[in-house]
Amino acid sequence: AQKVTQAQTEISVVEKEDVTLDCVYETRDTTYYLFWYKQPPSGELVFLIRRNSFDEQNEISGRYSWNFQKSTSSFNFTITASQVVDSAVYFCALSEISGGYQKVTFGTGTKLQVIP
Amino acid sequence: DAGVTQSPTHLIKTRGQHVTLRCSPISGHKSVSWYQQVLGQGPQFIFQYYEKEERGRGNFPDRFSARQFPNYSSELNVNALLLGDSALYLCASSSQTSLIPPPNEQFFGPGTRLTVL
């Protein structure tokens, strides 16, 4: 069975600090996809990134970067020079296709508060 | 372009009643997924529909059902409501055209907040 663990329930940082959100996953499949979503206080989930299981290259997008390590089944997300607008709940998710069906599992989320 | 829309925004029901939630995907998107998000938790996958057929189902009881219409809009039905069904119900659409290519990013609607009393 697939599982996504986000051990950090809440994190508070002061503006301009760097922060890393951890995500550990479990799956038996060799082909799978990992996602990060942001859920601001307004409630609407916003897609941030998708990574497939065969692509372990790290990715950087502006102040955001992602570190995917299959050896440790982790897909961590770092925000550099955090800003107040980064305050939100961040979810890591895992997608598998089994028997022609797609199943998506979300973690429980990490609430990030950036203090001005 | 309009994003994913859901109706109603909020809904209050009593135990034992049934409810129908509606979702309109982004124009051109043929895949719709439903999620339940209980307060303080991550979204839990309920169903995925693609081309009007069920393509994915999470661990939810048979009280939960859904369907997708020819225009790709979708309804989620929940029968015999329980207090534990109180949650934010999210609909997401995707431009993926098949399960074989990688799943595309999903675009989420604002959700329907269901309260069961």
Side-chain angles (χ1 to χ4, degrees), chain A residues 1-10 21-25 27 29-55 59 61 66 88-111, chain B residues 2-6 9-10 23 26 29-51 53-60 66 68 87-114:
Chain A
Q2 56 186 15
K3 184 179 179 182
V4 176
T5 301
Q6 294 180 255
Q8 304 151 307
T9 305
E10 291 192 39
L21 310 182
D22 297 333
C23 173
V24 174
Y25 62 92
T27 177
D29 284 5
T30 55
T31 302
Y32 52 88
Y33 301 86
L34 294 162
F35 300 79
W36 275 95
Y37 289 88
K38 174 182 180 180
Q39 189 173 41
S42 60
E44 204 158 323
L45 279 160
V46 177
F47 167 85
L48 295 177
I49 190 172
R50 181 192 75 203
R51 178 54 51 89
N52 74 56
S53 52
F54 299 107
D55 182 3
E59 181 157 340
S61 176
W66 290 269
V89 181
Y90 290 86
F91 291 97
C92 180
L94 167 68
S95 172
E96 293 176 319
I97 296 176
S98 174
Y101 277 63
Q102 180 180 176
K103 185 174 180 181
V104 181
T105 301
F106 279 76
T108 51
T110 297
K111 183 177 182 179
Chain B
V4 177
T5 58
Q6 293 186 242
T9 307
H10 295 85
C23 171
I26 291 173
H29 286 192
K30 299 180 180 180
S31 176
V32 169
S33 298
W34 286 96
Y35 295 84
Q36 180 196 65
Q37 187 177 19
V38 174
L39 195 62
Q41 298 292 319
Q44 285 203 33
F45 174 68
I46 309 176
F47 288 111
Q48 184 200 16
Y49 275 77
Y50 173 69
E51 284 286 13
E53 289 190 15
E54 182 182 302
R55 294 292 186 175
R57 174 184 279 262
N59 296 324
F60 280 80
Q68 187 176 32
L88 179 67
Y89 287 84
L90 296 165
C91 173
S93 76
S94 167
S95 62
Q96 71 185 79
T97 55
S98 168
L99 287 176
I100 304 303
N104 291 352
E105 61 188 84
Q106 295 184 89
F107 294 85
F108 284 81
T112 293
R113 173 72 62 186
L114 172 65

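Naming: A, B, ... by sequence-line order, numbering from 1 per chain.
Q6(A) does not touch chain B: none of its heavy atoms, backbone or side chain, sits under 4.5 Å away. Contacts between Q37(B) and chain A at a heavy-atom distance below 4.5 Å involve the side chain alone, from C-beta outward. Looking at S95(A), only its side chain comes within 4.5 Å of chain B, counting heavy atoms on both sides.
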Checklist entry - Hey, mind stepping through W66(A) and S61(A) against side chain to side chain contact (heavy atoms under 4.5 Å, CB included) and telling me if it holds? => result CA-CA 9 Å; W66(A) 290 269; S61(A) 176; 4.0 Å; yes
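Here H29(B) contributes atom NE2 and Q106(B) contributes atom CD; the two are 10.5 Å apart, rounded to the nearest 0.5 Å.
Screening F60(B), F108(B), F47(B) against Y35(B) for a ring-ring contact (aromatic ring centres under 6.0 Å, His included) leaves a single residue, F108(B).
Residues Q68(B) and E53(B) approach most closely at OE1-N, 4.4 Å, considering heavy atoms.
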